[in-house]
There are 2 protein chains.
Amino acid sequence: MRKAATIRDVAARAGVSVSVVSRVLNGTGPVAPAKRVQVLDAIEALAFRPRAAARQLSQGHSDTIGLLLADLTNPFFARLADRVVAEARSRDLQILLMTTQEDPHLEGQALDTLLDRSVGGMIGTPTGHNVERWEKLSALDIPVVFVDRSIAELDQVDVVSIENIDSAATATRHLLDRGHTRIGIISGPLDTTTGVERVQGYEQALRERGVARDDRLVRPAPFRGDHGADVVAQMLALPEPPTGLVVANTAQVRVVLRMLSQARVEIPDDLSVVVFDDNPWTELIRPPLTAVRQPIDMLALHSVELVHARMRQKLPPAPRRVRVPAEFLERASTARR
Amino acid sequence: MRKAATIRDVAARAGVSVSVVSRVLNGTGPVAPAKRVQVLDAIEALAFRPRAAARQLSQGHSDTIGLLLADLTNPFFARLADRVVAEARSRDLQILLMTTQEDPHLEGQALDTLLDRSVGGMIGTPTGHNVERWEKLSALDIPVVFVDRSIAELDQVDVVSIENIDSAATATRHLLDRGHTRIGIISGPLDTTTGVERVQGYEQALRERGVARDDRLVRPAPFRGDHGADVVAQMLALPEPPTGLVVANTAQVRVVLRMLSQARVEIPDDLSVVVFDDNPWTELIRPPLTAVRQPIDMLALHSVELVHARMRQKLPPAPRRVRVPAEFLERASTARR
DNA sequence: TTGTACGCGTTATCAA
DNA sequence: TTGATAACGCGTACAA
């Protein structure tokens, strides 16, 4: 195969200069109607496509946005990726995908790679570390949008997430309403915003009803690994075990359910369970799980829209915090006490 | 923030020429030890990172590989993406992600985007259409590796997949061994290689045991939508309904199980079920599902390794067909008839 | 072992 | 309305 056509080839064939071709390509500047068709014909004939690299080098920025997610094994992030890709395409944006596996070291490497400016913007779920590099991205005028989680210190960064506090409060109230007072919560790590906010919501609901908080029932678990199972096991071994449980750590839902099943804990008879978040497999589990469903398409839509707007500098500099409500789905894993 | 450093800034600061810097950067050619440290120091001090676009423009190819998957909503593809990203990183390759949503039109657009040569290689699950564009990629010397599925006409393209025929035969024999003779199969569309090959394996197993094939029990279903449920419902409404079922269409497993549950079909008492493929949620379903587990890490490893080798022209031109065996997991969704 | 100068493909500036 | 030409940042012959 011979080499692909360049803008010069097109110009030659159309009998015009490269500038004219560039102008019809980008609609930037005047072109005589007659010449325009000649150029278009030449482009067609030579199957010319502008090289992204050359364009990027010339203008300094790219139409590629980096998507840095924790882990595609988690259906929540997988579905988020799916929607982000779709939203990006509809705006002619490309997605460069990386994962952190919740490992700050890997996250750091990924950010370094992105820092070479090959991306025009970033969407990511930060591990909570690498604050300097996230800052540097912003400092380099690369728009950053945090999705799902954020980093408290970085209050200049745009954030798109669900109403974590409200959602956790709703889930907790649902259990309180059904007569439960010993309610456990497995959250994400307390150095993540989702972790702390969901615990806040839980505490708020308890406070409303005058139920005392028991430290032994409020337990964070790492996103990776099977630690969530141990934590729940410990709760259940308490002298006064919980009768209700909120699994607010999306990544640990599966692990916790497996442990419960192995330990022959009957749901909801022995234990009422609410989980974050809902995924298509949730309804196949017996009993179908009461869940907080995150509006993933909204999260994706706003994230992409936000970086896109920033990339075109269509937005005032003030950081945006988009919080979308989550839906509460009552199914069969929760019952009256 | 002032502009990022270029290779010239580094050269100036280190008191050498750009070529020296380039050489220490790429290890291409000799550099005096003393100057090397000066350069390294300058790079450090200026936080210099070579611009990917400039490098790509200069050398003509990129370290980015396009990953074109059907749909990240399907846990199989999601986990595949997760592993591909990991394998790519360990080789300093970037992943540009796109999805087809099983739509040939979207696939075509995605391929056009990739055709502008911004990618150095491609890994994808083709829909079966857009043959010309896949061909053109190869013709442009962009290495292409099909994973999971392939396109029969494109026999010059590398393929990495599981042993589809064997796997389906094993699944079918498992049911035959347990006394089932009325065995249904839901496959993928018959214009996909996974669809036809798995049906072939099914037929082969039946033939071995002298069981006649019944057309009404061999039904393809599209990957998207809920059509698989209808097809199974039709099978079960037959005068002589099947007592065993192979769900060979990964994307329809969930849909089929939901329908079975709603129709109050008892598994395995009324119907023994084997599914492609195993995902972490499968074991939480009651009863735990007998499944064909695809070695996703192997699929990812070989795919990335293959494109990478081709990108460095480390391989003889003959197309490679890597077929990895799948694991058969007997759980509780299959029983003697 | 080092440095100069040019090419990669596109956009942008500016004079015609 | 058009066309030369200078960036953009890096790799690399080729000359020194």
Side-chain angles (χ1 to χ4, degrees), chain A residues 2-40 42-43 46-64 92 115-120 140-141 312, chain B residues 2-40 42-43 46-64 92 115-120 140-141 312:
Chain A
R2 68 183 183 294
K3 299 190 50 158
T6 76
I7 198 174
R8 258 181 277 274
D9 300 327
V10 175
R13 170 149 187 150
V16 299
S17 76
V18 291
S19 332
V20 177
V21 179
S22 179
R23 267 180 261 135
V24 336
L25 240 31
N26 306 304
T28 167
V31 170
K35 301 221 171 188
R36 156 165 273 116
V37 295
Q38 294 172 26
V39 170
L40 258 17
I43 289 177
L46 271 47
F48 166 76
R49 313 209 84 225
R51 237 59 93 244
R55 175 172 282 173
Q56 177 177 340
L57 182 59
S58 175
Q59 359 185 86
H61 50 248
S62 95
D63 62 349
T64 300
D92 271 313
L115 269 171
D116 71 5
R117 327 279 277 326
S118 58
V119 300
L140 284 171
D141 278 323
R312 296 174 305 165
Chain B
R2 67 184 184 294
K3 299 191 52 159
T6 77
I7 198 174
R8 258 180 279 273
D9 300 327
V10 175
R13 169 151 189 148
V16 299
S17 74
V18 291
S19 9
V20 176
V21 180
S22 179
R23 267 180 263 135
V24 336
L25 240 32
N26 307 303
T28 166
V31 170
K35 303 222 170 189
R36 155 165 274 115
V37 294
Q38 294 173 25
V39 171
L40 258 17
I43 289 177
L46 270 46
F48 167 75
R49 316 211 81 225
R51 238 59 94 245
R55 175 173 277 167
Q56 176 177 340
L57 183 58
S58 170
Q59 333 190 110
H61 52 248
S62 97
D63 61 349
T64 300
D92 271 312
L115 269 171
D116 71 4
R117 325 279 276 332
S118 59
V119 299
L140 284 171
D141 278 322
R312 296 175 305 167

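Naming: A, B, ... by sequence-line order, numbering from 1 per chain.
- Nearest heavy atoms, A:Ala42 versus A:Ala14: CB-CB, 4.0 Å.
- Counting only heavy atoms from C-beta outward, the side chains of B:Arg55 and B:Asn26 approach each other to under 4.5 Å.
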Close N/O contacts between protein and nucleotides 6-9 of chain C (under 3.5 Å):
residue : atom : partner : partner atom : Å
C:dG7   : N2   : B:Ser58 : OG           : 3.3
C:dG9   : N7   : A:Arg8  : NH2          : 3.4

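- Taking each heavy atom of B:Thr28 and B:Ser22 in turn, the nearest pair found is CG2-O, 4.3 Å.
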May I have the step-by-step check of side chain to side chain contact (heavy atoms under 4.5 Å, CB included) for A:Ile7 and A:Arg51, ending in yes or no?
CA-CA 9 Å; A:Ile7 198 174; A:Arg51 237 59 93 244; over 6 Å; no
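- An OP1 or OP2 oxygen of D:dG11 is reached within less than 4.0 angstrom by a side-chain nitrogen or oxygen of B:Ser22.
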Dump every N/O contact between nucleotides 1-3 of chain C and the protein below 3.5 Å, one line per pair.
residue : atom : partner : partner atom : Å
C:dT2   : OP2  : B:Ala32 : N            : 2.8
C:dG3   : OP2  : B:Ser17 : N            : 2.9
C:dG3   : OP2  : B:Ser17 : OG           : 3.3
C:dG3   : N7   : B:Ser19 : OG           : 3.0
C:dG3   : N7   : B:Arg23 : NH2          : 3.4

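- With a 4.5 Å cut-off on side-chain heavy atoms, B:Asp63 and B:Asp92 do not count as touching.
- B:Val16 and B:Lys35 get closest at one heavy-atom pair: CG1-CD, 3.6 Å.
- Panel note: side chain B:Arg23, backbone B:Pro30; a donor-acceptor pair is recorded below 3.5 Å.
- The nearest pair of heavy atoms linking B:Ser17 to B:Ala11 is C-CB, 3.7 Å.
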For DNA chain C, the dot-bracket pattern of Watson-Crick and G-U pairs whose distances stay under 3.5 Å, | for other-strand partners
||||||||||||||||
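- If you take CG on A:Asp9 and CD1 on A:Ile43, they are separated by 12.0 Å, rounding to the nearest 0.5 Å.
- What you find for A:Phe48 and A:Thr6 is that their closest heavy atoms are CE1-C, 3.5 Å.
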